[in-house]
2 protein chains.
Amino acid sequence: MKKAAGTRLNILQKAFELIYEKGYQTTSIDDILATTQVTKGAFYYHFRNKDEMGIAIINELLKPTLASSFIAPLQNDKNPIEAIYKLIHYLLIEDEFLQVQHGCPVANFTQEMASWNKDFNDALNDITQQWIKTMAAAIVKGKEKGQIRDDINAKQVAMFVTSGYWGIRNFAKLENNKKVYLSYLKELKRYLNTLK
Amino acid sequence: MKKAAGTRLNILQKAFELIYEKGYQTTSIDDILATTQVTKGAFYYHFRNKDEMGIAIINELLKPTLASSFIAPLQNDKNPIEAIYKLIHYLLIEDEFLQVQHGCPVANFTQEMASWNKDFNDALNDITQQWIKTMAAAIVKGKEKGQIRDDINAKQVAMFVTSGYWGIRNFAKLENNKKVYLSYLKELKRYLNTLK
DNA sequence: CTAAAAACATACTAGTTAGTATGTTTTTGT
DNA sequence: ACAAAAACATACTAACTAGTATGTTTTTAG
């Protein structure tokens, strides 16, 4: 039971890349089979149907990535304002997987699937809430340390930041140019400084 | 050439509603024919193909709506900060066409089509830039009137606000509840007040 | 080593898709 | 009133879709 896990992971990873580029609905199972060199029999051995694979991508690929790349940086840093800015900066400018023309995978999935498939909705809400909660917790810590004003609503700010991040990722698709990120980051920095 | 224009408009409107609810790719032409009671012959008389219809929806339905509901309120008001807040509040809370579970039509289209179809991209970028420019112009006016600080970058703020709006519309899909809008609006108001 | 289960392979199906071919009806200008 | 063009109707096609039926091969446990 080792090689089998490899095929499964291979399917998930390649499928995720395709879906990130083309969207879930427009990525056919045959597309996935062609790029993975896996046969239909193997695919349906590992997944009951396409949606089950989609949920597996969220839970087995996106969730761990979230934990390492989105959650951890917020928990370790001393200063939440700097941590949030550095994180968004990293995600927009430095991260090598995320592409400007394809937006945010979680936001994409949400737009396409939420409200049409409860399982997708739940899985996506799960990881999104995790991010928000972590960010809010960091802000609360900052308030306790006196780095952030007392009258700031932590969760409210976390939602506001997340919304902006999702929005700018979608927005940048139109111009297909990272330059809009720089403009956004400037205003984000200004906004974050008003929390002090 | 009067009834014909009616059929065309009927197709565009019903198709737009379907696309807003289900997405562009997953709304089939047969779906549109079924809800409009129009035949395939009529459809393909009016539109060369599905994409041409999609572009027509953007240019002939979304663009005018943008002008009346998104642009005008920003041009008439005396105070840009109030105008922006009132506009976003209206769009999120009061507007009767926009549904929490379906997000923002322009953002949806952008996510689904931009980077895959240049015509869609251009049409969407066109109306988005129009909104941004109008908002930025209102902010510039506010700067001249002394309602907004001198060091504020108008276009930067307009992009920031637009991103947040798109983001929260997508975000609210997950919870399928207008309550998240209230939290967002509170922070938006706080943010807007820092421009003073 | 061997039987059973796990993992994969191939061929097929029924439904859906955008789009076309070829008509008929309706509207329009004169 | 009438021909021409505009507007619409019907039947079809070829490609693609998710999923299944039925195999064969590989792995694993005893």
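Just the heavy atoms: all of them, side chains too, but no hydrogens, waters or symmetry mates, feed the values below. Within every chain, numbering begins at 1; the chains are lettered A, B, ... in the order of the sequence lines, protein sequences first and strands thereafter.
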Practice task
Can you tell me which residue pairs pass the ring pair (Phe, Tyr, Trp, His ring centres under 6.0 Å) test with a partner in residues 55-78 of chain A, sequence neighbours excluded?
Solution key: A/Phe70-A/Trp131
Exercise for the section: Output yes when at least one side-chain N/O atom of A/Ser28 is less than 4.0 Å from OP1 or OP2 of D/dC16, else no. Expected result: no
Residues 92-105 of chain B side chain polar contacts: donor-acceptor under 3.5 Å, at least two apart:
{"from": "B/Glu94", "atom 1": "OE2", "to": "B/His89", "atom 2": "ND1", "distance (Å)": "2.6"}
{"from": "B/Asp95", "atom 1": "OD1", "to": "B/Phe97", "atom 2": "N", "distance (Å)": "2.8"}
{"from": "B/Asp95", "atom 1": "OD1", "to": "B/Leu98", "atom 2": "N", "distance (Å)": "2.9"}

Practice task
Any pair with a residue in residues 8-20 of chain B that passes side chain to side chain donor-acceptor pair (under 3.5 Å), sequence neighbours left out, goes on the list, sorted by first then second residue, please.
Solution key: B/Arg8-B/Glu60
Practice task
Enumerate the residues from residues 48-58 of chain B whose closest heavy atom to DNA chain C is under 4.0 Å, giving them by residue number; use none for an empty result.
Solution key: B/Asn49, B/Lys50
Fill in the blank from the handout: Between CG of A/Asp30 and P of C/dT13 the distance, given in whole Å, is 16 Å
Practice task
Might you confirm whether atom NZ of A/Lys133 has over 12 heavy atoms from other residues, nucleotides or ligands at distances under 6.0 Å?
Solution key: no
Under 3.5 Å, which N/O atoms of the protein pair with N/O atoms of nucleotides 10-15 of chain D?
none

Handout entry: Any B/His46 side-chain N or O less than 4.0 Å from OP1/OP2 of D/dA6
Key = no
Exercise for the section: Would you list the pairs meeting side chain to side chain donor-acceptor pair (under 3.5 Å) in which at least one residue belongs to residues 75-85 of chain A, sequence neighbours left out? Expected result: A/Asp77-A/Lys86
Exercise for the section: List for me each residue that meets side chain to side chain donor-acceptor pair (under 3.5 Å) alongside A/Lys63, sequence neighbours excluded, and say none if there are none. Expected result: A/Asp126
Side chains of residues 32-42 of chain B: which donor-acceptor pairs under 3.5 Å do they make with residues two or more places apart or in other chains?
{"from": "B/Thr35", "atom 1": "OG1", "to": "B/Ile32", "atom 2": "O", "distance (Å)": "3.3"}
{"from": "B/Thr36", "atom 1": "OG1", "to": "B/Ile32", "atom 2": "O", "distance (Å)": "2.6"}
{"from": "B/Thr36", "atom 1": "OG1", "to": "B/Leu33", "atom 2": "O", "distance (Å)": "3.4"}
{"from": "B/Thr36", "atom 1": "OG1", "to": "B/Val38", "atom 2": "N", "distance (Å)": "3.3"}
{"from": "B/Lys40", "atom 1": "NZ", "to": "B/Asp30", "atom 2": "OD1", "distance (Å)": "3.2"}

Fill in the blank from the handout: By ring-ring contact (aromatic ring centres under 6.0 Å, His included), B/Phe120 pairs with (sequence neighbours left out) B/Tyr24, B/Phe109
